[in-house]
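Working notes for the structure below.
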Amino acid sequence: MTDRQEEEKYELERKTWLEETLPAIMEKAVEEKSVVLFGDEVSFAMWGSLARTWAPIGEQPTVKTSGIRKGLKMFGTIELEGGSFQYRESLAYEIKPKSLRLLKEAGLPQEFLAILKTRCSSF
């Protein structure tokens, strides 16, 4: 399939969504006295990723890391009619005092450490 064909297919599908599918969803929502929500999720890693680095010839490069593999997952929805936004967050991994100490040593701002400390399972 060529780029032009893909673009035409996309435009046709978009037109169908806007002119047929979405109005049908909205009509059903009115009939059932319900709301239409659009949702998505995201995950934030609390560790860095390193693909490449450099060092002078003959010297081994070193990269400081915290050794912590923690993450934050979030899910949110936007209500179509009124635009209200709702979200939930969840730490993907358990936070332990050692992790907080390493984050403090790495220079994480105190206000962030305080938030993380409230989610620490071992305190």
Side-chain angles (χ1 to χ4, degrees):
M1 185 176 277
T2 67
D3 287 345
R4 181 177 173 92
Q5 289 171 324
E6 287 181 17
E7 182 68 23
E8 288 171 356
K9 180 181 176 194
Y10 167 79
E11 290 299 330
L12 180 61
E13 289 172 351
R14 185 171 188 268
K15 183 178 180 186
T16 302
W17 164 257
L18 290 172
E19 294 177 0
E20 297 173 24
T21 309
L22 183 58
I25 291 170
M26 295 304 295
E27 184 178 321
K28 186 168 183 170
V30 170
E31 288 172 8
E32 295 182 1
K33 297 181 181 168
S34 58
V35 296
V36 177
L37 300 172
F38 290 98
D40 201 1
E41 81 235 11
V42 65
S43 180
F44 298 99
M46 295 171 65
W47 64 88
S49 60
L50 180 64
R52 297 172 191 224
T53 189
W54 66 272
I57 294 174
E59 292 184 28
Q60 177 68 38
T62 58
V63 179
K64 289 185 179 184
T65 66
S66 66
I68 300 171
R69 295 188 58 87
K70 308 263 182 247
L72 176 69
K73 296 191 181 292
M74 298 186 80
F75 177 79
T77 62
I78 297 176
E79 194 262 316
L80 183 62
E81 287 287 309
S84 68
F85 174 68
Q86 302 292 323
Y87 71 94
R88 295 289 179 261
E89 63 185 63
S90 172
L91 285 170
Y93 305 95
E94 186 178 7
I95 295 180
K96 299 183 187 266
K98 179 181 177 185
S99 303
L100 290 173
R101 180 180 51 79
L102 292 171
L103 289 169
K104 183 177 182 180
E105 290 172 2
L108 192 70
Q110 285 297 321
E111 58 268 19
F112 295 122
L113 287 170
I115 292 168
L116 292 173
K117 193 173 186 178
T118 65
R119 292 170 168 84
C120 185
S121 63
S122 299
F123 278 144

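Residue numbers run from 1 in the order of the sequence given.
Minimum heavy-atom separation, Gln60 to Ala55: C-CB, 4.5 Å. Taking all atoms of both residues into account, the shortest heavy-atom contact from Gln5 to Thr2 is OE1-N, 2.9 Å.
At a threshold of 4.5 Å between non-hydrogen side-chain atoms, the residues Glu79 and Gln86 do not count as touching. Side-chain contact between Val36 and Met26 is present, with at least one heavy-atom pair separated by less than 4.5 Å.
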Can I get a per-line list of side-chain donor-acceptor pairs under 3.5 Å for residues 8-22, giving both atom names and the distance, sequence neighbours left out?
residue	atom	partner	partner atom	Å
Glu8	OE2	Arg4	NE	3.2
Thr16	OG1	Leu12	O	3.0

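Distance CG/Leu37 to OG/Ser84: 7.5 Å, rounded to 0.5 Å. If you take CZ on Phe38 and CD1 on Ile78, they are separated by 9.5 Å, rounding to the nearest 0.5 Å. The NZ atom of Lys73 lies 13.5 Å from the CD atom of Glu89; values are rounded to the nearest 0.5 Å.
Annotation: side chain to side chain donor-acceptor pair (under 3.5 Å) contacts of Glu105 (sequence neighbours excluded): Arg101. The side chain to side chain contact (heavy atoms under 4.5 Å, CB included) test applied to Glu41 returns Phe75, not counting sequence neighbours. By the ring pair (Phe, Tyr, Trp, His ring centres under 6.0 Å) test, Tyr87 pairs with Phe85, sequence neighbours left out. Judged as a side chain to side chain contact (heavy atoms under 4.5 Å, CB included), and not counting sequence neighbours, the contacts of Gln110 are Lys104, Leu113.
In the hydrophobic clustering, where aliphatic and aromatic side chains (Ile, Leu, Val, Met, Phe, Trp, Tyr) are joined below 4.5 Å either directly or transitively, Trp54 stands alone.
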